[in-house]
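Here the structure is a predicted model, which means the values were calculated and not measured. Throughout, protein chains are lettered first and strands after them, A, B, ... in sequence-line order, and every chain is numbered starting at 1.
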Amino acid sequence: MRVLRCGSDAVLIEAEDAEQAQRLHTALRDAPPVGTGELVPAARTVLVRYDPSATDWQRLRAAVTALPLHEVPPAEAAETVRIPVRYDGPDLAEVARLAGLTPRQVVERHTAARYRVAFCGFAPGFAYLTGLDPRLRVPRRAEPRTRVPAGAVAVADEYTGVYPRTSPGGWQLLGTTDLPLWDQTADPPTRLRPGTAVRFVAIGEPGRPAESGGTGEDGEAVRP
Amino acid sequence: MNGEPGDAVPERCGASAAPDAADGRSALLVVRPGYGATVQDLGRPGLAALGVGRSGAADRGALRLANRLVGNPEDAAGLEMPLGGVELEFRRAATCALAGADCPAWVNGRPVGTRTPLAVPAGARLRLGTPVRGLRVYLAVRGGLDVPAVLGSRATDTLAGLGPERLTAGLLLPVGTAATGWPAAEHAPRRDRTGPVVLRVVPGPRDDWFTAAALRALCGEPYTVTADSDRIGMRLDGPALERARGGELPSEGMVAGALQVPPSGRPILFLADHPVTGGYPVIAVVRRADLDAAAQARPGDPLRFRLEDAGR
């Protein structure tokens with residue numbers, strides 16, 4: 001773990017890996033060192049803002065290094081947000097091809113996994129979920145879409161997530177949820193905060209892969 | 001082009017939650033919207049972990065000052081007007097104040113001063129010229145602009161698409177009742193700046209991704225603010241900053257003042273609407289106290305960076 005200065009009122013703590021970054025974020029949230037303010041967790045780091053009149057970066061470095069990092073409770077133990085998904089995304093067949101699976105198997109693996117919000121970024125309420133089945137790790141699309149609709153469920157690299165609002169995007173789209181995840185009139189505006197446990201549940205009409213029998217290796221029945 | 005003095009400007013209430021703004025309540029009518037003017041307050045702190053940046057006035061000190069001059073709380077909503085150019089019609093008599101960039105201004109054609117409270121009669125028009133120096137002009141109106149708050153703030157976040165829409169001709173901006181008292185002073189002196197703006201930087205967090213020569217280059221010759229600059233950040237032209245290592249950085253938290261270096265080697269200085277996380281390495285970060293001055297640099301202006309190693 002390294003504590004790096006980030007201007008006159010923040011430090012960036014670089015963890016060894018994603019798991020340690022999540023433990024660090026949990027520990028800092030539960031027992032914030034004196035003078036610290038906002039925490040911004042990310043893939044391998046936690047940004048910690050501080051009040052320069054109350055502390056300084058050397059003191060913070062000492063406090064952070066001394067923090068006991070407990071195991072983050074398994075995702076099943078916490079309250080789980082269940083997201084119903086119609087697996088009708090335009091990239092489902094391509095993800096299946098890249099993964100060497102059938103679309104149905106992609107859906108099975110995507111719904112079997114337990115996810116956790118590692119961090120938010122890119123856009124308000126966009127949560128990066130970790131816990132993706134390694135077989136479903138696919139690259140971002142070569143050509144990002146200029147418009148991805150709100151509710152699109154997508155995968156890229158080691159993450160899965162849901163586009164909370166219509167925006168440009170380069171992730172591979174597996175399906176769609178109608179569950180509203182972003183409400184800027186609510187407090188908090190999103191249900192997917194760092195640490196939140198998440199599962200995806202397949203819903204669909206007969207003939208869609210979630211409920212139909214096998215669609216064969218080519219997955220023709222998957223695309224709407 | 002509408003908005004010539006004397007033109008009738010069709011009204012649209014910019015605040016859907018305040019449809020009564022036109023009747024009874026004091027309001028400002030936007031006659032000329034300027035060049036990307038927005039409503040700003042001091043932003044939405046504390047939501048970055050949800051992917052929501054702070055936003056708010058790019059020159060926070062200037063908005064605070066304008067608010068103090070009219071007896072508002074410092075975080076009341078006002079207007080941020082890059083390069084001036086805005087014309088407003090006051091539906092009711094109001095007290096307002098200008099701060100930030102030095103900008104000629106007129107009320108009903110008579111020149112008025114900045115950094116001092118202005119009494120504007122009902123029906124009068126306030127017109128801004130082009131700043132003689134600095135970029136962003138701020139207007140506070142006694143009572144504060146009362147557009148609907150989003151996530152606790154009336155700031156327009158131009159990157160995230162949160163908060164009020166940008167100013168357009170015909171927009172009606174309701175004025176609220178946020179004023180608390182009157183300031184002790186009626187005029188705020190200006191701090192004269194001569195020569196190029198010098199911004200103090202703290203190296204890191206990713207200075208180790210660059211050659212030692214890169215940090216020296218950053219603090220050597222001045223950089224020039226390019227036209228590719230907005231509330232998100234300023235793209236700077238000057239010596240390219242050479243990376244000592246390749247590869248990609250997983251997205252990490254970003255702060256205002258960060259000098260993020262894309263593959264071109266030319267740094268981008270992040271301002272109020274910067275992305276919450278980013279993947280290009282940050283070689284150094286401008287000290288918080290110097291950010292307001294950075295936000296007043298305009299395209300073509302030189303910027304110098306000075307390394308600050310010691311202390312907090």
B:Arg206 vs A:Leu12 side-chain heavy atoms within contact, under 4.5 Å
yes

Within 6.0 angstrom of A:Arg44 CZ, more than 12 heavy atoms from elsewhere:
yes

Could you tell me which non-hydrogen atom of B:Leu162 sits nearest to which non-hydrogen atom of A:Trp182, and how far apart they are?
CD2-CZ2, 4.3 Å

Drop me the distance from B:Leu151's CG to A:Asp187's CG, to the nearest 0.5 angstrom.
8.5 Å

Ordered numerically, the heavy-atom neighbours of chain A under 4.5 Å found in residues 39-51 of chain B are B:Pro45, B:Gly46, B:Leu47, B:Ala48, B:Ala49, B:Leu50, B:Gly51

Kindly give the heavy-atom pair with the smallest separation between B:Gly161 and A:Arg165, and that separation in Å.
O-NH1, 3.7 Å

Is A:Arg5 salt-bridged to B:Asp207, cutoff N-O under 4.0 Å?
no

Crowded around B:Tyr280 OH? As in, over 12 foreign heavy atoms under 6.0 Å?
no

A:Arg145, CZ: over 12 other non-hydrogen atoms inside 6.0 angstrom
yes

Close contacts, residues 261-270 of chain B versus chain A, judged by heavy atoms under 4.5 Å
none

Near B:Arg200 CZ, under 6.0 Å, is it more than 12 heavy atoms from other residues, nucleotides or ligands?
yes

Results of ring-ring contact (aromatic ring centres under 6.0 Å, His included) for A:Tyr128 - residues two or more places apart only:
A:Phe119, A:Phe126, A:Tyr159, A:Trp171

Highest number of heavy-atom pairs under 4.5 Å with chain B among A:Ala127, A:Ala43, A:Gly121, A:Cys6 belongs to A:Cys6

So, the part of A:Ala10 with a heavy atom under 4.5 Å from chain B: the answer is side chain

Write out, in numerical order, the residues from residues 249-256 of chain B with a heavy atom short of 4.5 Å from a heavy atom in chain A.
B:Pro250, B:Ser251, B:Glu252, B:Gly253, B:Met254, B:Val255

At a 4.5 Å cut-off on heavy atoms, which part of B:Asp157 comes close to chain A: side chain, backbone, both, or neither?
neither

